[in-house]
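Below you'll find the structure, written out as structure tokens, and then a few comments.
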Amino acid sequence: LFKTLRTLKGQSINLIKYYPSISDVESLINKNVKVNLQNSNSKTLDLGCGINPKNPFNAEKVYGIDIRDDLEKSIKSADLSVDKIPFDNSTFDYVTAFDFIEHIPRSIFHNNKTIYPFLSIMNEIYRVLKPNGYFLHSTPAFPSRESFMDPTHVNIITEDTFPKYFCRPYLWAKEFGYGFNGDFKMISQGWIKYAWLVSIIQAKK
């Protein structure tokens with residue numbers, strides 16, 4: 001096996017994308033999530049939202065988190081590499097992250113200790129979601145060059161990152177003692193332009 005993987009043909013298995021191509025985020029939502037449009041109290045939170053929080057699930061109330069706050073647009077300020085999400089437990093029906101996960105470090109040295117921000121943010125997303133709430137991310141992922149070429153990208157994910165480490169039945173980030181304490185179910189994944197990996201996972205509480 002090792003000899004085979006040393007060849008270019010053998011190594012090419014790492015470049016195969018097993019999940020399908022999709023046209024956009026909304027098509028993945030429409031195919032896999034039954035959105036309750038009658039719920040006038042539905043809430044969504046967009047992480048790293050910039051000046052306009054996204055709302056692909058068409059929630060009634062939209063909130064955002066970014067480095068700078070804008071309270072008129074319900075955007076709160078937080079550095080999610082080190083800060084907790086500034087909302088209570090089980091607040092949101094949906095949490096989204098567009099071009100955000102790749103900027104969250106795997107590990108950093110902070111306050112004289114090593115912390116793992118990617119694991120921490122996944123715990124925080126699970127915490128603020130309601131039971132059966134959904135987390136959706138759109139992230140440039142391996143092996144697309146978009147995942148590497150931006151010098152501010154510090155977290156490279158693959159098709160297996162969410163299904164294997166954060167979702168049933170594997171939950172390796174919990175089983176291996178990495179500090180993850182959530183429990184998600186993988187709903188669906190797909191590729192936009194074979195560069196951005198889009199995943200929808202559901203919080204099981």
Side-chain angles (χ1 to χ4, degrees), residues 13-39 42-49 53-60 62-64 85 90-104 118-119 121-147 153 155-175 178 180-205:
I13 193 171
N14 281 326
L15 304 179
I16 296 173
K17 295 180 174 73
Y18 291 99
Y19 287 86
S21 174
I22 60 173
S23 58
D24 50 43
V25 167
E26 288 73 19
S27 65
L28 196 68
I29 292 173
N30 293 337
K31 184 177 180 180
N32 295 281
V33 178
K34 185 177 181 180
V35 178
N36 184 3
L37 297 179
Q38 305 303 315
N39 183 3
S42 60
K43 297 178 181 178
T44 192
L45 174 66
D46 191 30
L47 307 179
C49 64
K54 295 179 178 60
N55 183 21
F57 291 97
N58 294 314
E60 180 73 16
V62 183
Y63 300 83
I85 293 177
S90 301
T91 297
F92 296 101
D93 301 272
Y94 315 105
V95 175
T96 58
F98 291 84
D99 295 288
F100 170 77
I101 294 292
E102 68 273 20
H103 298 283
I104 297 297
F118 182 33
L119 292 168
I121 193 62
M122 292 305 299
N123 279 331
E124 283 293 285
I125 290 167
Y126 181 79
R127 179 183 66 79
V128 301
L129 277 171
K130 296 177 182 179
N132 296 317
Y134 294 97
F135 172 56
L136 178 148
H137 78 91
S138 176
T139 308
F142 178 88
S144 67
R145 65 179 183 176
E146 285 81 359
S147 64
H153 290 183
N155 184 9
I156 308 303
I157 68 166
T158 76
E159 288 183 327
D160 288 334
T161 300
F162 284 90
K164 295 291 178 66
Y165 284 85
F166 300 106
C167 295
R168 300 176 177 185
Y170 302 99
L171 287 170
W172 286 349
K174 179 183 290 185
E175 294 298 317
Y178 290 170
F180 177 63
N181 52 37
D183 182 354
F184 286 100
K185 175 184 177 182
M186 172 57 66
I187 301 300
S188 189
Q189 285 197 139
W191 288 92
I192 294 179
K193 298 180 179 178
Y194 286 109
W196 280 264
L197 182 65
V198 180
S199 309
I200 301 174
I201 61 178
Q202 186 177 37
K204 310 310 292 184
K205 298 184 178 183

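Quick note: residue numbers are just sequence positions, from 1. All values derive from a computational prediction rather than experimental measurement.
When each of Pro56, Ser27, Ser138, Ser188 is paired with Val198, the side-chain contact (heavy atoms from CB on, under 4.5 Å) condition holds for Ser138 and for no other.
Residue His137 holds its NE2 atom at 10.5 Å from CZ of Phe98, rounded to the nearest 0.5 Å. The structure places CG of Asn55 at 8.0 Å from OG1 of Thr96, a figure rounded to the nearest 0.5 Å. Note: Gln189 CD to Ile22 CD1 = 10.0 Å, rounded to the nearest 0.5 Å. Taking OG1 of Thr158 as the start and CG of Leu197 as the end, the distance is 8.0 Å to the nearest 0.5 Å. Interatomic distance, Ile101 CD1 to Ile156 CD1, rounded to the nearest 0.5 Å: 12.0 Å. The structure places CD1 of Ile201 at 9.0 Å from CD1 of Ile187, a figure rounded to the nearest 0.5 Å.
With a 4.5 Å cut-off on side-chain heavy atoms, Trp172 and Tyr178 do not count as touching. Inter-residue side-chain proximity for Ser147 and Glu102 is flagged as unmet; no heavy-atom pair is nearer than 4.5 Å. Looking at Asn155 and His103, their side chains never come closer than 4.5 Å, going by heavy atoms from C-beta outward. The side-chain heavy atoms of Phe180 and Asn123, taken from C-beta on, include a pair separated by under 4.5 Å.
Ring geometry for Tyr134 versus Phe57: interplanar angle under 30°, hence parallel rather than tilted (30 to 60°).
For the residue pair Val62 and Lys54, the shortest heavy atom distance occurs at CG1-O, 4.2 Å. Closest heavy-atom contact between Ser90 and Lys205: OG-NZ, 3.6 Å. The two residues Gly64 and Cys49 make their nearest non-hydrogen contact at CA-SG, 3.7 Å. Listed here is the closest heavy atom pair of Pro140 and Asp99: CD-OD1, 3.6 Å. Nearest heavy-atom pair, Met186 versus Phe162, reported as atom, atom and distance to 0.1 Å: CE-CB, 4.0 Å. The minimum heavy-atom distance between Phe184 and Lys204, with the atom names listed, is C-CG, 4.4 Å.
Evaluation of the side chain to side chain contact (heavy atoms under 4.5 Å, CB included) rule for Lys17 yields Pro143, Glu159, Trp191, Tyr194 as partners, not counting sequence neighbours.
A cation-pi arrangement is absent between Lys43 and Phe92, since the terminal nitrogen or guanidinium carbon is not both under 6.0 Å from the aromatic centre and inside a 45° cone about the axis.
Judged purely by distance below 3.5 Å, without hydrogens or angles, the side chains of Lys174 and Asn181 never pair a donor atom with an acceptor atom.
Ring centers of Phe118 and Phe166: under 6.0 Å apart, within the cut-off. Checked against the 6.0 Å centroid criterion, the rings of Tyr126 and Phe135 do not qualify as a close aromatic pair.
Applying the 6.0 Å contact sphere to NZ of Lys193 captures no more than 12 heavy atoms from other residues, nucleotides or ligands. Around atom OH of Tyr19, more than 12 heavy atoms belonging to other residues, nucleotides or ligands sit under 6.0 Å away.
The salt bridge (charged side-chain N to carboxylate O under 4.0 Å, His left out) analysis of residues 180-189, with sequence neighbours excluded, yields the pairs Arg168-Asp183.
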Exercise for the section: Run the numbers on Ser42 and Asp93 for side chain to side chain donor-acceptor pair (under 3.5 Å), then give the verdict. Expected result: CA-CA 6 Å; Ser42 60; Asp93 301 272; 5.0 Å; no

Practice task
Walk me through it: do Thr91 and Leu129 pass the test side chain to side chain contact (heavy atoms under 4.5 Å, CB included)?
Solution key: CA-CA 6 Å; Thr91 297; Leu129 277 171; over 6 Å; no

Handout entry: Worked verdict on Val95 versus Thr44 for side chain to side chain contact (heavy atoms under 4.5 Å, CB included)
Key = CA-CA 6 Å; Val95 175; Thr44 192; over 6 Å; no

